[in-house]
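Below is one structure, written out as structure tokens; comments come after it.
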Amino acid sequence: MLVIFHPDATTAEIDAVTERILATGAGAQRVVGAEQTVIGVIDADRDHITSLELDADPGVDRVVPVSSPYKLAHKHRHGDVAHPVEIAGVTFGGVTPTFRLILGPCAVESRDQTLTAARACRDAGADMLRGGAFKPRTSPYAFQGLGVEGLKILAEAREETGLPIVTELTDLRDIDAVTEYADCVQVGARNMQHFPLLTELGRANLPVLLKRGMGASIDDFLLAAEYILTEGNQRVLLCERGIHAKATPARSCLDLAAVTVLKEHTHLPVIVDPSHAAGRRALVEPLALAAAAAGADGLIVECHPDPRNARCDGPQAITLDTLADFAAKVRGVAALVAA
Ligand code: PEP
Ligand code: MN
């Protein structure tokens with residue numbers, strides 16, 4: 001952190017600020033310029049220094065953070081380049097990423113619906129199967145998922161198709177069940193800042209697909225990832241899925257700038273969910289193509305054998321007969337970007 005003084009700050013004012021910094025246990029390196037003095041705060045407890053409100057001290061012009069608040073998620077951690085994450089033999093991200101497709105229904109509704117979808121996803125070249133057994137629904141009266149029965153159906157789908165499965169954990173009480181069946185645990189947008197959940201998943205030996213909260217800044221998002229990383233679990237995939245914006249004509253506003261900004265800041269793979277941003281089928285493919293063009297490492301997309309009778313998110317589910325064409329198009333764009 002740098003403390004920058006006004007040109008007319010007195011030596012007594014600069015000394016007083018120095019004392020306050022040293023009292024926290026941090027170092028204070030003074031640089032006297034022709035016009036202004038600057039103190040570099042070294043080895044600081046960032047929150048402690050922030051709580052001193054040094055910018056209100058006499059003589060101080062402003063306080064500027066230098067290092068990143070997230071140490072493990074930051075790109076510096078891996079020599080300033082993207083670092084791959086491996087999930088059940090499938091590698092996401094890294095310096096020369098293979099564009100990955102996670103396909104599947106929003107929710108596991110029945111054995112037949114899930115197995116039918118899973119076969120079509122496999123045939124379309126999916127790398128992983130998605131499906132929610134525990135669903136975070138806005139209304140308590142909406143279908144909440146099949147729970148453990150849904151996990152068993154997903155395991156059967158994996159058995160048959162060979163696709164690894166990603167499924168959401170919404171409640172700490174279900175962590176044992178979910179980690180028993182999943183290859184990757186999803187943390188949904190609504191739980192991005194459920195810190196005890198993140199901490200427990202940091203202790204679990206399973207990759208985590210962390211979705212960005214609808215109102216979360218990039219710092220909020222990376223600090224949420226940091227909760228997982230700091231417990232020892234380094235396998236985190238970040239997922240942009242659209243943020244709240246009143247003026248968007250879609251369900252959420254897909255923030256594709258976030259893909260580039262995240263890749264500037266972190267080594268973690270970044271994927272995009274066009275389905276929840278879109279809210280309706282017609283928007284899914286254009287958003288998916290745009291995400292591939294923006295340099296995402298992959299997509300997570302909802303599909304359904306019979307969207308009009310789906311129990312969850314039917315209007316945004318793409319149909320199974322369009323999957324192969326969809327996959328070819330997005331992979332085509334990703335290949336252009338990589339070329
Ligand atoms: C989902 O992927 O099924 C889901 C609920 O997504 P989100 O948390 O992004 O709303
Ligand atoms: Mn959904």
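Atoms within each ligand, like the ligands themselves, are counted from 1 in listed order. All values below come from the heavy atoms of this structure, side chains included, with hydrogens, waters and symmetry mates left out. The first residue in the sequence is number 1, and the count goes up from there. Values in this document were obtained by computation on a predicted structure and should not be read as measured data.
Contact analysis leaves Arg212 out of contact with ligand 1, as no non-hydrogen atom separation drops below 4.0 angstrom.
The shortest N or O to N or O distance between Glu168 and ligand 1 is not under 3.5 Å. Residue Asp273 places no N or O, backbone or side chain, under 3.5 Å from any N or O of ligand 1. For ligand 1, the polar-atom distance check finds an N/O of Ala189 within less than 3.5 Å of one of the ligand's N/O atoms.
No side-chain N or O of Thr167 forms a donor-acceptor pair with one of Arg130 less than 3.5 Å apart. Side-chain N/O atoms of Thr50 and Asp47 include no donor and acceptor closer than 3.5 Å. For Gln316 and Arg281, the side-chain atoms include no donor-acceptor pair closer than 3.5 Å.
Within the 3.5 Å criterion, the main-chain N or O of Ser110 finds a donor-acceptor partner in the side chain of Gln113.
Using cut-offs of 30° and 60° for the angle between ring planes, the His83 and His78 rings count as parallel.
Rounding to 10 degrees, one finds that the Mn ion (ligand 2) sits at the corner of an angle of 100° between Cys106 SG and Asp313 OD2.
Scanning all protein heavy atoms for the shortest distance to atom 4 (C) of ligand 1 gives His276 NE2, 3.4 Å. Protein heavy atom in closest approach to atom 6 (O) of ligand 1: Lys211 NZ, 2.9 Å.
Of all atoms in ligand 1, listed by their number and element, those nearer than 4.0 Å to a heavy atom of Gly188 are 8 (O). Atom numbering of ligand 1 starts at 1 in the shown order; those under 4.0 Å from a heavy atom of Arg241 are 7 (P), 9 (O), 10 (O). Close approach to Glu302 involves these atoms of ligand 1, each under 4.0 Å from a residue heavy atom: 3 (O). Counting atoms of ligand 1 from 1 in the listed order, those under 4.0 Å from a heavy atom of Arg190 are 7 (P), 8 (O), 10 (O).
For the pair Arg100 and Val90, the minimum side-chain heavy-atom distance is below 4.5 Å.
For the pair Arg311 and Phe143, the cation sits on the ring face: its NZ or CZ lies under 6.0 Å from the ring centre, inside 45° of the axis.
Within Glu302, OE2 is the N, O or S atom that lies nearest to the Mn ion (ligand 2). For His276, the N, O or S atom closest to the Mn ion (ligand 2) goes by the atom name NE2.
Arg203 and Glu200 are joined by a salt bridge, as a carboxylate oxygen and a charged side-chain nitrogen come within less than 4.0 angstrom of each other.
The neighbour count for Arg137 CZ, taken as heavy atoms of other residues, nucleotides or ligands under 6.0 Å away, is above 12.
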